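Let me begin by presenting the structure, written as structure tokens, before commenting on it.
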Amino acid sequence: MSKERQFNKLLKQFYTSSNRNYLPWRKTHDPYKILISEVMLQQTQVSRVESKFEPFVERFPTVEILAKADLAEVLSRWSGLGYNRRAKYLHQCARKIVGKHNSQISKHISELIVLPGVGEATAGAIVVYAYNVAEIFIETNIRRAIIDYFFSDKNAVHDKHIKLILKDVIDRNNPREWYWSLVDYGASLGKVKNNPNKKSVHYTKQTLFLGSKRQVRGSVIKLLVQDIIISEDNLKRSIEGDQKYLKEVLKELVSEGLIDKSGQKYRLSTGR
DNA sequence: GTCCCGTCTG
DNA sequence: CAGACGGGAC
């Protein structure tokens, strides 16, 4: 049997015994909800998204409702997921889909990728999981599974090589479930210890969070989620992390459209 | 302390 | 291309 067929046999076996089809975003084909889940899952582990996804889509069940909502509320429902710019992108995304795409979420990668916060991986995932179309895309579990199985003897693997393998092994008759089996298998391979992705040329080490500007940013947003409106002095007293970043962070959050300044006080932006 | 993990900006 | 961007589990 070819290596490709062996791999698919392995995926099938694994999927039969150990799939994660209980995940709430696998119980819908609604492209809007798939979009929400995929943006939440960017740089964020499943365990953290699990508790946030359902409350979020219950509050914002359609793209129109999300588009009409205040960014401040979207940010507050995002709290705990991190990378708060994603909430801003998602809100802008909803407004653009309603305003320019007739509230329809495209089934074409080329039209999805122009949306804010939607890159190659997210666009591919939406097309596959919502529409069951056999497109090729790579995210971390996919990369890990393919490197582990097909590149065990290599130490510098480029995504373009992974894409070539994917084109050979993808099940074009049932791409949605095939990708589920692939990501579940990939997720099961050692992450913390000896992560096969360390052999990817795209692998990078993260910078320190403690004491970083990023920590102060996160802390400011978190405080504003709790208190609605806060003076700079009170922020200075309450933030976690290094105070020296506060002024700079406030300026950047205002210019990015995440917060607004009125007088000497700050609040989350309405997004309008 | 070390690690995970996509997209955007410069 | 490199660097910025959260929050938590281990």
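Labels below follow one simple rule: chain letters A, B, ... track the order of the sequence lines, proteins then strands, and each chain is numbered from 1. As the structure is a prediction and not an experimental result, all values here were calculated from the model.
- Side-chain proximity of A:Asn195 to the nucleotides B:dC4, C:dG6, B:dC8 is greatest for B:dC4.
- Salt bridge status for A:Asp260 with A:Arg267: absent, with no side-chain N to carboxylate O gap under 4.0 Å.
- Residue A:Tyr83 places its side chain closer to C:dC5 than to any other of C:dC5, B:dC4, B:dT7.
- A donor atom on one side chain and an acceptor atom on the other are not found under 3.5 Å apart for A:Asp171 and A:Tyr179.
- At the phosphate of B:dC3, OP1 or OP2 sits under 4.0 Å from a side-chain N or O atom of A:Lys205.
- Between the C1' atom of B:dC5 and the CG atom of A:Asn141 lies a distance of 10 Å, rounded to the nearest Å.
- A:Asp70 has a carboxylate O that lies under 4.0 Å from a charged side-chain N of A:Arg272, or vice versa, which qualifies the two as a salt bridge.
- A heavy atom closer than 4.0 Å to some atom of DNA chain C occurs in no member of residues 113-137 of chain A.
- A donor and an acceptor atom sit less than 3.5 Å apart, one in the side chain of A:Gln43 and one in the base of B:dG6.
- Counting non-hydrogen atoms of neighbouring residues, nucleotides and ligands closer than 6.0 angstrom, the CG atom of A:Leu10 exceeds 12 such neighbours.
- We find that A:Lys68 and A:Glu64 are not joined by a salt bridge, their nearest charged nitrogen and carboxylate oxygen being 4.0 Å or further apart.
- With respect to the salt-bridge test (charged N to carboxylate O, under 4.0 angstrom), the residues A:Glu232 and A:Lys247 qualify.
- Rounded to an integer number of Å, the gap from A:Glu139 CD to B:dT7 P is 10 Å.
- Contact annotation: A:Tyr203 reaches the phosphate of B:dC4 (side-chain N/O to OP1 or OP2, under 4.0 Å).
- At the phosphate of B:dC5, neither OP1 nor OP2 sits under 4.0 Å from any side-chain N or O atom of A:Arg143.
- The pair A:Lys167-A:Glu4 does not count as a salt bridge, with every side-chain nitrogen at least 4.0 angstrom from each carboxylate oxygen.
- When each of A:Glu256 and A:Ser47 is assigned the nucleotide of DNA chain C with its nearest heavy atom, A:Glu256 is the one assigned upstream, toward the 5' end.
- Following rounding to the nearest Å, A:Phe209 (CZ) and B:dC5 (P) show an atom-to-atom distance of 18 Å.
- Taking 4.0 angstrom as the limit, A:Asn197 places none of its side-chain polar atoms (N or O) nearer than this to OP1 or OP2 of B:dC4.
- Following rounding to the nearest Å, A:Ile138 (CD1) and B:dG6 (P) show an atom-to-atom distance of 11 Å.
- A salt bridge links A:Lys163 with A:Glu120: at least one charged nitrogen is closer than 4.0 Å to a carboxylate oxygen.
- The nucleotide whose nearest atom lies closest to any side-chain atom of A:Lys198 is, among C:dC5, B:dC4, C:dG7, B:dC4.
- If you check distances only, the side chain of A:Arg48 does reach the base of C:dG7 with a donor-acceptor pair under 3.5 Å.
- Look at NZ on A:Lys222: it is 8 Å from C1' on C:dG7, rounded to the nearest Å.
- One finds no side-chain N or O of A:Arg85 lying less than 4.0 angstrom from the OP1 or OP2 phosphate oxygen of B:dT7.
- Following rounding to the nearest Å, A:Asn194 (CG) and B:dC3 (P) show an atom-to-atom distance of 11 Å.
- Residue A:Thr44 is classed as a base contact, given a heavy-atom separation below 4.0 Å to a base.
- Residue A:Gln215 contributes atom CD, which lies 16 Å from atom P of C:dA4 at whole-angstrom precision.
- Across the protein-nucleic acid pair, A:Arg144 atom CZ and B:dC3 atom C1' stand 11 Å apart, rounded to whole Å.
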